[in-house]
Amino acid sequence: MPELPEVETVKRGLNKLIIGKTITTVRADNPKSFPNAEADVRKFLVGANVTEVRRRAKVLLIDLSTDYTLVIHLKMTGQLVYIGSQDERFGAGHPTDSLVGALPDKSTRVIFHFADDSHMFFNDQRKFGWVRLMPTSEVPNIDFMKRVGPEPLEADFTSTEFAVRFKRRAKTTIKAALLDQSVVAGVGNIYADEALWGAKIHPSRLVETIKPAEFKRIYTEVRTVMNLSIEKGGSTNRNYVNAEGKKGSYMEFARVFRREGLTCPRCGTEIIKIRVAGRGTHICPNDQRL
DNA sequence: CACTTGACCTGTCCGC
DNA sequence: TGCGGACAGGTCAAGT
């Protein structure tokens, strides 16, 4: 999915677009994408107003006036796209930074219709993502929410706390540990590679071999890279678009991710792609050594 | 408990 | 062109 910066971008977009809107109709084709009982949807979703959109890790939380919340995970290919009433939908094409055409399309799994005739589309090519409706008070009790680690971009999140969180994963690789959402929230494949390049750490290094100074570098790079990406509206590697259907531009600033065969911006060595923690992994073999 | 691997799906790309 | 296999931003449930 979309990692932390992409979900954060969608969150900010939706906060500008759907706050105060009333949901009038909800249509879901794929039961896996939105497994809630019809009765709950009628009682707590239809007729509800959107009060706030939040994010925790890579999960979006759309709070409703009924004290229920739409919990949404985009996983690998999910999109949440808002389209204003009529004219925009079948207008004269979309901007060049758009990936979506007229909606709904083949990948549309859920459609939310608002009272002003605008819509929010949950699109998800691979059907890994999901939408759930539950009481707002129960959201923290979801297994994932109980397990997930701290938000790495919070002002009070320190490098010391960062390093301590990894102790539990001493025998695995630093890349696997970074991807583990119970260690730190929100890091995925793109920003793990980008941060480890920035910190000059080989992704296959075992956690127990990482020195305090190195943890500090990884901490700084995780925050720098994700803050930059939020500034750039996230990364569009393939499917990702923001709440307006537009791509993010971080990939133009990526230093290793999907840049195999190109040169390292720091030393000029050719970037290579390897496999670590079962994931495609991009490194500079000169700057990042075992 | 900690760690690794495969499964969940659809689409695209690459080699034959 | 067609076909098979590998791979894709993430998590889980199994296995060891």
Side-chain angles (χ1 to χ4, degrees), chain A residues 1-11 29-35 55-60 71-80 99-101 105-110 122-132 142-149 165-196 203-208 222 225-226 229-230 232-242 247-254 256-261 273-282:
Chain A
M1 124 180 120
E3 308 179 28
L4 186 154
E6 290 73 33
V7 181
E8 177 65 21
T9 302
V10 172
K11 183 204 88 177
D29 293 354
N30 188 331
K32 280 193 166 178
S33 297
F34 190 23
R55 176 190 64 74
R56 176 73 172 100
K58 304 174 190 172
V59 178
L60 272 168
V71 183
I72 302 174
H73 203 309
L74 303 174
K75 291 287 179 83
M76 303 282 262
T77 56
Q79 308 173 327
L80 261 193
L99 264 184
V100 283
D105 67 15
K106 203 177 173 182
S107 73
T108 300
R109 311 297 174 203
V110 188
F122 175 67
N123 303 324
D124 185 18
Q125 180 183 99
R126 290 174 74 180
K127 300 182 183 172
F128 290 167
W130 43 260
V131 177
R132 284 181 167 282
I142 306 171
D143 284 347
F144 177 87
M145 291 298 181
K146 286 196 282 198
R147 269 201 326 267
V148 70
R165 306 271 325 163
F166 285 82
K167 289 213 189 300
R168 212 168 27 90
R169 306 298 313 268
K171 298 285 180 194
T172 193
T173 61
I174 184 64
K175 171 137 182 185
L178 272 173
L179 294 175
D180 181 345
Q181 299 298 290
S182 72
V183 174
V184 173
V187 181
N189 207 34
I190 297 177
Y191 305 109
D193 283 6
E194 292 289 291
L196 289 172
S204 298
R205 288 269 303 280
L206 292 187
V207 170
E208 63 187 356
V222 164
V225 150
M226 295 215 287
S229 183
I230 290 170
K232 302 298 174 191
S235 298
T236 297
N237 178 15
R238 300 185 130 81
N239 297 275
Y240 168 75
V241 291
N242 67 16
K247 301 177 192 173
S249 68
Y250 178 83
M251 287 301 285
E252 294 167 28
F253 302 84
V256 283
F257 190 80
R258 283 201 60 183
R259 294 181 60 79
E260 61 271 30
K273 186 173 180 183
I274 59 177
R275 206 145 190 97
V276 181
R279 312 294 302 274
T281 299
H282 312 77

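Just so it is clear, the model here is predicted, and its values are computed rather than measured. Convention: sequence-line order gives letters A, B, ...; per-chain numbering from 1.
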Notebook entry, point to check: Under the salt bridge (Lys or Arg N to Asp or Glu O under 4.0 Å) rule, what pairs show up with a residue in residues 185-195 of chain A, not counting sequence neighbours?
Noted result: Lys175(A)-Asp193(A), Glu194(A)-Arg255(A)

Note to self: Just to be sure I follow the notation: if a pair is Watson-Crick (purine N1 to pyrimidine N3 plus N6-O4 or O6-N4) or a G-U wobble (N1-O2 and O6-N3), each under 3.5 Å, what dot-bracket string does DNA chain B give, with | for pairs to another strand?
What the structure shows: .|||||||.|||||||

Next item on the list: Identify the two heavy atoms, one from Asp29(A) and one from Thr108(A), that lie closest to each other, and give their separation to 0.1 Å.
Entry: OD2-O, 4.5 Å

Next item on the list: Verify whether the ring centers belonging to Phe257(A) and Tyr250(A) lie closer than 6.0 Å.
Entry: no

Margin query: Quick check: closest heavy atoms across Tyr240(A) and Ser235(A), and the distance to 0.1 Å?
Written below: CD2-O, 3.4 Å

Notebook entry, point to check: To the nearest Å, how far apart are Arg126(A) CZ and dG10(C) P?
Noted result: 10 Å

Notebook entry, point to check: side chain to side chain donor-acceptor pair (under 3.5 Å) with Lys11(A): which residues, sequence neighbours excluded?
Noted result: Glu8(A)

Note to self: What's Gly280(A) touching, base or sugar-phosphate or nothing? Going by heavy atoms closer than 4.0 Å.
What the structure shows: sugar-phosphate

Contacts under 3.5 Å, N or O only, protein and nucleotides 11-15 of chain B:
from	atom 1	to	atom 2	distance (Å)
dG11(B)	OP1	Lys106(A)	NZ	3.2
dG11(B)	O4'	Gln125(A)	OE1	3.3

Margin query: Side chains of Asn123(A) and Arg109(A): any donor to acceptor distance under 3.5 Å?
Written below: no

Margin query: With salt bridge (Lys or Arg N to Asp or Glu O under 4.0 Å) as the test, pick out the partner of Glu208(A) among Arg169(A), Lys171(A), Lys167(A).
Written below: Lys171(A)

Next item on the list: State, with a plain yes or no, whether a side-chain heavy atom of Val183(A) is found less than 4.5 Å away from one of Arg168(A).
Entry: yes

Check: Could you state the CD1-C1' distance from Ile142(A) to dT11(C), rounded to the nearest angstrom?
Finding: 14 Å

Next item on the list: Could you tell me whether Ser235(A) contacts a base, only the sugar-phosphate backbone, or nothing, with contacts defined as non-hydrogen atoms closer than 4.0 Å?
Entry: base

Note to self: Once you apply a heavy-atom cut-off of 4.0 Å, does Asn237(A) come out as touching a base, just sugar-phosphate, or nothing?
What the structure shows: base

Margin query: Taking Gly186(A)'s backbone N and O only, do any of them form a donor-acceptor pair with Gln181(A)'s side chain (distance below 3.5 Å, no angle check)?
Written below: yes

Checklist line | For the student: nearest non-hydrogen atoms of Val276(A) and Ile274(A), plus distance | finding: CG2-CD1, 3.7 Å

Check: Taking atom C1' of dT11(C) as reference, at what distance in whole Å does atom CG of Asp143(A) sit?
Finding: 13 Å

Item checked: Nucleotide dT11(C), atom C1' - distance to NZ of Lys127(A) in whole Å -> 18 Å

Next item on the list: Would you kindly give the CD-to-C1' distance between Glu260(A) and dC7(C), to the nearest whole Å?
Entry: 12 Å

Item checked: Any side-chain donor near an acceptor of the partner, Ser229(A) and Tyr191(A), under 3.5 Å -> yes

Note to self: I want to check something: taking the side chain as every heavy atom from C-beta on, are Val10(A) and Leu60(A) in contact at a cut-off of under 4.5 Å?
What the structure shows: yes

Next item on the list: Select base, sugar-phosphate, or nothing to describe what Lys273(A) touches, counting heavy atoms under 4.0 Å on all strands.
Entry: sugar-phosphate

If you restrict it to nitrogen or oxygen atoms, what contacts under 3.5 Å exist between nucleotides 3-7 of chain B and the protein, and what is each distance?
from	atom 1	to	atom 2	distance (Å)
dC3(B)	OP1	Lys171(A)	N	2.8
dC3(B)	OP2	Arg168(A)	O	3.4
dC3(B)	OP2	Arg169(A)	NE	2.5
dT4(B)	OP2	Thr172(A)	OG1	2.7

Next item on the list: Take the angle between the ring planes of Phe144(A) and His73(A) and call it parallel below 30°, perpendicular above 60°, tilted in between.
Entry: perpendicular

All N/O contacts under 3.5 Å from nucleotides 12-16 of chain C to the protein, with atom names and distances to one decimal?
from	atom 1	to	atom 2	distance (Å)
dC12(C)	OP2	Arg147(A)	NH2	2.6

Next item on the list: Identify the two heavy atoms, one from Val207(A) and one from Ala177(A), that lie closest to each other, and give their separation to 0.1 Å.
Entry: CG2-CB, 3.8 Å

Margin query: In whole Å, measure the gap between the P atoms of dC3(C) and dC9(B) for me.
Written below: 24 Å

Check: Rounding to a whole Å, what distance do you find between Tyr191(A):OH and dG10(C):C1'?
Finding: 14 Å

